[in-house]
Amino acid sequence: YTDAEIADFVRQLKLNNLDTGGCIVISFSEDVLRKIRELSESIEIMWVTYDMTDEKLAKCIELRMHIDPQYSHDTVNRL
């Protein structure tokens, strides 16, 4: 996603009052979630990854995001 697309997405969440609850943005991309966090301190974000490491945990704490280490791109696509 481009920065403009992410900014538009965040703008749409805010316009529909989904930035302060009722919505969790889930992504496999740390970069996308980082950009969302830069644009909004209030949107809940969740990182889907295949494992939990100290480095990933530190990034989650830094960005105040949930992490789901149980699913990988392949398992989510099969659901």
Side-chain angles (χ1 to χ4, degrees):
Y1 298 100
T2 66
D3 288 350
E5 290 170 327
I6 294 170
D8 186 52
F9 177 69
V10 169
R11 191 170 24 261
Q12 290 300 317
L13 291 176
K14 289 179 179 181
L15 284 173
N16 290 286
N17 296 318
L18 294 172
D19 60 319
T20 58
C23 176
I24 300 174
V25 177
I26 301 171
S27 179
F28 293 99
S29 171
E30 175 200 347
D31 293 333
V32 168
L33 295 171
R34 183 173 295 280
K35 289 175 186 172
I36 290 171
R37 177 57 70 228
E38 289 171 2
L39 296 169
S40 173
E41 292 291 322
S42 59
I43 294 173
E44 281 194 66
I45 56 178
M46 182 176 201
W47 188 15
V48 178
T49 183
Y50 61 91
D51 63 354
M52 174 73 82
T53 64
D54 289 342
E55 180 183 341
K56 288 181 179 180
L57 183 57
K59 289 178 183 182
C60 288
I61 292 168
E62 172 195 352
L63 297 176
R64 294 175 335 283
M65 66 181 168
H66 307 282
I67 189 168
D68 189 339
Q70 295 182 357
Y71 297 106
S72 68
H73 188 270
D74 292 334
T75 58
V76 170
N77 283 340
R78 285 186 295 200
L79 294 177

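Here the structure is a predicted model, which is why all the values come from computation and not from measurement. Numbers here are sequence positions counted from 1.
- By the 6.0 Å and 45° rule, Lys59 does not stack over the aromatic ring of Trp47.
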Worked check of salt bridge (Lys or Arg N to Asp or Glu O under 4.0 Å) between Arg34 and Glu38: CA-CA 6 Å; Arg34 183 173 295 280; Glu38 289 171 2; 5.6 Å; no
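- For Asp54, the CG atom sits in a loose shell: 12 or fewer heavy atoms of surrounding residues, nucleotides or ligands are nearer than 6.0 Å.
- Counting heavy atoms from C-beta on, the side chains of Leu57 and Thr53 never come closer than 4.5 Å.
- Within 6.0 Å of CD in Glu62 there are more than 12 heavy atoms belonging to other residues, nucleotides or ligands.
- A salt bridge links Glu41 with Arg64: the distance from a Lys NZ or Arg NE/NH1/NH2 to an Asp or Glu carboxylate oxygen falls below 4.0 Å.
- Within the structure, the side-chain hydrogen bond (donor to acceptor under 3.5 Å, both in side chains) test picks out the following pairs touching residues 1-14 (sequence neighbours left out): Thr2-Glu5, Asp3-Lys35.
- Between Leu33 and Met65 the shortest heavy-atom distance is CD1-SD, 3.8 Å.
- Under a hydrophobic clustering in which Ile, Leu, Val, Met, Phe, Trp and Tyr are joined whenever their side-chain heavy atoms come within less than 4.5 Å, directly or via other members, Leu15 and Leu39 fall into different clusters.
- Partners of Leu13 by side-chain contact (heavy atoms from CB on, under 4.5 Å), not counting sequence neighbours, listed by chain and number: Phe9, Leu18, Cys23, Val25, Ile43.
- In terms of the side-chain contact (heavy atoms from CB on, under 4.5 Å) criterion, residue partners of Ser42 (sequence neighbours excluded) are, by chain and number, Asp19, Thr20, Ser40.
- Legend: residues meeting salt bridge (Lys or Arg N to Asp or Glu O under 4.0 Å) with Arg37, ordered by chain and number and at least two apart, are absent.
- Distance check, rounded to the nearest 0.5 Å: CD1 of Ile67 to CD1 of Ile45 gives 11.0 Å.
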